[in-house]
Amino acid sequence: MRAVLISAVGPVEEVEQDGLGDLRRLIEGHVEALAVRGRADATAYVNEEGLLNGMPANARATRLAGVQIVGPAVLCGCDAATGEDTPIPEDLAQAVARMRTSER
């Protein structure tokens, strides 16, 4: 399904993710799900050991989640009724794409 990868450094990329294996690969480790501030229709997936592994701060993902994020983050949609992942909502994908790479 359609998702967005927010790297700590570098451009935002549209990616396809199909489950845990893809999420682990994209975030480079063990997966932790976080809420996206103000959005019941989206989930952020991050590396749960990012701080321990010394991953760089991710200002863009931090701004979206409202908590400190390090390393890459994957955003996708979420069906609030079932908790299942869905494609990222278009308005959120566009807002993330507009975020500057150097945003700190």
Side-chain angles (χ1 to χ4, degrees):
M1 80 188 61
R2 180 175 175 242
V4 172
L5 173 65
I6 305 172
S7 299
V9 178
V12 171
E13 300 176 54
E14 188 172 306
V15 295
E16 288 290 320
Q17 75 87 5
D18 186 27
L20 187 58
D22 283 345
L23 288 170
R24 284 183 177 158
R25 178 181 53 79
L26 291 165
I27 62 152
E28 303 169 18
H30 295 288
V31 177
E32 180 177 0
L34 299 173
V36 175
R37 186 174 37 193
R39 302 287 305 234
D41 63 346
T43 302
Y45 292 100
V46 299
N47 186 317
E48 73 177 3
E49 296 176 335
L51 281 173
L52 294 172
N53 294 334
M55 293 181 136
N58 188 327
R60 294 173 292 184
T62 294
R63 191 167 132 205
L64 289 167
V67 296
Q68 179 66 41
I69 304 295
V70 297
V74 174
L75 294 179
C76 56
C78 177
D79 181 329
T82 66
E84 296 291 321
D85 288 338
T86 62
I88 187 168
E90 186 60 34
D91 66 316
L92 181 56
Q94 289 176 7
V96 171
R98 288 190 299 269
M99 292 177 143
R100 294 188 324 263
T101 300
S102 61
E103 196 168 314
R104 297 262 181 244

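All residue numbers in this chain count up from 1 along the given sequence.
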J.: Could you check whether any side-chain N or O of R24 sits under 3.5 Å from a backbone N or O of G19, counting only pairs where one atom can act as donor and the other as acceptor?
T.: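 Looks like no, no N/O pair under 3.5 Å.
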J.: With rounding to the nearest 0.5 angstrom, report the CG to CG distance, D85 to L75.
T.: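 So the gap between those two atoms works out to 11.0 Å.
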J.: For D79, which residues count as a salt bridge (charged side-chain N to carboxylate O under 4.0 Å, His left out) partner, sequence neighbours excluded?
T.: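 For D79 there are no salt bridge (charged side-chain N to carboxylate O under 4.0 Å, His left out) partners, ignoring immediate neighbours.
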J.: Which heavy atom of I6 sits nearest a heavy atom of A61, and at what distance?
T.: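 Result for this residue pair: CG2-N, 4.2 Å.
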J.: Compare every heavy atom of P89 with every heavy atom of G77, then report the nearest pair and how far apart it is.
T.: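 Closest approach of G77 to P89: CA-CD, 3.8 Å.
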J.: State which residue, out of V46, I69, N47, fulfils the side chain to side chain contact (heavy atoms under 4.5 Å, CB included) condition with E32.
T.: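 Among the candidates, only V46 passes.
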J.: Which one of E14, E16, E13 satisfies the salt bridge (Lys or Arg N to Asp or Glu O under 4.0 Å) criterion with R2?
T.: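 Passing option: E14.
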J.: Report yes or no: does T86 contribute a side-chain atom to a donor-acceptor pair with the main-chain N or O of C78 at less than 3.5 Å?
T.: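 A pair under 3.5 Å: yes.
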J.: Under the 4.5 Å side-chain heavy-atom rule for ILVMFWY, direct or indirect, which residues accompany L26?
T.: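 Traced through the cluster, L26 reaches L5, V15, L20, L23, I27, V31, Y45, V74.
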J.: Can you give me the closest heavy-atom contact between A33 and T43, atom names plus distance?
T.: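 Answer, listing the atom of A33 first, then T43: CB-CG2, 4.0 Å.
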J.: Give me the atom names and distance for the closest heavy-atom approach of Q68 to A57.
T.: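 Q68 and A57 have their closest heavy atoms at NE2-CB, 3.7 Å.
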J.: Of the options D22, V4, I88, which is the one that meets Q17 in a side chain to side chain contact (heavy atoms under 4.5 Å, CB included)?
T.: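 Of the listed residues D22, V4, I88, the side chain to side chain contact (heavy atoms under 4.5 Å, CB included) partner of Q17 is D22.
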J.: Spell out, yes or no, whether L34 and L64 are grouped together once hydrophobic residues are joined by side-chain heavy atoms under 4.5 Å, including indirect joins.
T.: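 Unlinked, L34 and L64 end up in two clusters.
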J.: In sequence, state the C-alpha distance, the side-chain angles, and the governing distance for N53 and E28, and then conclude on side-chain contact (heavy atoms from CB on, under 4.5 Å).
T.: CA-CA 10 Å; N53 294 334; E28 303 169 18; over 6 Å; no
J.: Which distance, rounded to the nearest 0.5 Å, do you find between the CD of E48 and the NE2 of H30?
T.: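 That separation rounds to 6.5 Å.
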J.: Between N58 (side chain) and G71 (backbone), is there a donor-acceptor pair under 3.5 Å?
T.: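 Yes; judged by distance alone, with no hydrogens or angles, the pair exists.
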J.: Is R37 reaching over with its side chain to a backbone N or O of R63, donor-acceptor style, under 3.5 angstrom?
T.: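 Looks like yes, one N/O pair under 3.5 Å.
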